[in-house]
Amino acid sequence: MRHFLTLKDFTKEEILEIIETGLSIKKNLKAKIYNQELKNQTLAMIFEKSSTRTRVSFEAGMFQLGGHALFLSNRDIHLGRGEPIKDTARVISSMCDMVMIRTFEHSMIEEFAHYSKVPVINGLTDSYHPVQLLADYMTLVEHGMEKNIVAAYVGDGNNMTHSWVMLAAKLGFELRVATPKGYEPDGNILKEALVIAKESGAVIKLMNDPKEALSGATVVITDTWVSMGQEEEKGERLKVFKGFMVDDAMMSLTAENAKFLHCLPAYRGYEVSESVFEKHSEIIFDEAENRLHAQKGLMVWLDRKRG
Ligand code: CP
Ligand code: NVA
């Protein structure tokens, strides 16, 4: 049995296999051929943070696969009132077939997975957002952008950055990360990624100048400057990140036909200009839709591995 907590635990071949599974289910869905592999299965979805895409894509995805999804907000279950994680994990995993969790500390999901009898999926922690990366890479494949990627991540060194760092390390492409000083990705995650990168041939560079990162990039990525849980830092962050907005002048430095990705929600006028967002809205909303297809691929893949 496998959990899906970070891309670190997966080989390049496994990551590509999950995405291929999702693409094939997507192709069939568009032809009205429905994969019902998870018939009679239940996915428990624990949310300790807000969500639009993650909730809708997992719930719709599980329904389309023949199963059922349970939305469990921590305001409604005893976890939010202090019932131990390990007890919650043992109870929920005795009744459900898979669990998806969106929470704060990554250690929470690790502890849950340790006590869970069924696969646990990370639907975002403070450290990682790996299901988003499945959708992002799927979108690059569909747009014919997966060869010779030179990716530039501009903004905060957050859960999205860590996930991009891990994807680059695993798949072996170039990733430049431009953040303000003091907002770099986590040093330990970076260290782990650099060890993996040595084997895959990935080139991962940190810098503080977004222009340097964008020069000749084929894929540009950004994310909010104020992640969930950082609301109190908002004022300070908006000052620090000035100069990191991806606008038309920034995009003019990239390779011709470079793509722009955003996991959403997007804050126009902050991490991205309205103009860049709207010019790239087609791929951005393909990326959002692909959350559904990539996660269906993931759930089917995890179910097949359970043997
Ligand atoms: N990108 C993403 O995970 O969106 P939600 O926060 O709406 O789930
Ligand atoms: N970095 C953002 C991603 C939202 C999908 C956050 O954690 O809030």
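We count ligands from 1, going down the list as the structure has it; atoms in each ligand are counted the same way.
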closest protein heavy atom to atom 3 (C) of ligand 2 is Asp223 OD2, 3.6 Å

Margin query: For the residue pair Arg268 and Phe277, would you count it as a cation-pi contact if the rule is NZ or CZ under 6.0 angstrom from the ring centre and within 45 degrees of the ring axis?
Written below: yes

Do Lys170's NZ or CZ and the ring of Phe10 fall within the cation-pi criteria of under 6.0 Å and 45°?
no

Contact with ligand 2 for Val226, non-hydrogen, under 4.0 angstrom | no

For ligand 1, protein residues within the heavy-atom limit of under 4.0 Å are Ser51, Thr52, Arg53, Thr54, Arg102, His129, Gln132, Cys263, Leu264, Arg291

All heavy atoms of Met299 vs all of Leu65, minimum pair found to be CE-CD1, 4.2 Å

Under 30°, 30 to 60°, or over 60°: which ring-plane class applies to Tyr128 and His106, parallel, tilted or perpendicular? perpendicular

Practice task
Quick one: sort the Phe47 and Phe71 rings into parallel, tilted or perpendicular, breaks at 30° and 60°.
Solution key: tilted

Thr224-ligand 2 polar pair, N/O distance under 3.5 Å: no

TODO: Before accepting this row, confirm whether a basic side-chain N of the pair Glu48/Arg102 lies closer than 4.0 Å to the acidic partner's carboxylate O.
DONE: no

Of all protein heavy atoms, the one nearest atom 8 (O) of ligand 2 is Met228 N, 2.8 Å

Quick note on ligand 2: atoms under 4.0 Å from a heavy atom of Asn159 include exactly 1 (N), 2 (C), 6 (C), 7 (O)

What one should report as the nearest heavy-atom pair of Thr224 and Asp156 is O-CB, 4.1 Å

- Do any nitrogen or oxygen atoms of His129 come within less than 3.5 Å of a nitrogen or oxygen of ligand 2? no

Geometric cation-pi criterion, Arg176 with Tyr153: 6.0 Å, 45°: no

* Measure the shortest side-chain to side-chain distance between Lys279 and Phe260 over non-hydrogen atoms and say whether it is less than 4.5 angstrom. => no

Report task. For residues Tyr183 and Phe241, establish whether the separation of their ring centroids is below 6.0 Å. Result -> yes

When distances are taken from atom 4 (C) of ligand 2, the protein heavy atom at minimum range is Leu124 CD1, 3.9 Å

Taking only non-hydrogen atoms of Leu264 and a 4.0 Å limit, the atoms of ligand 2 in range are 5 (C)

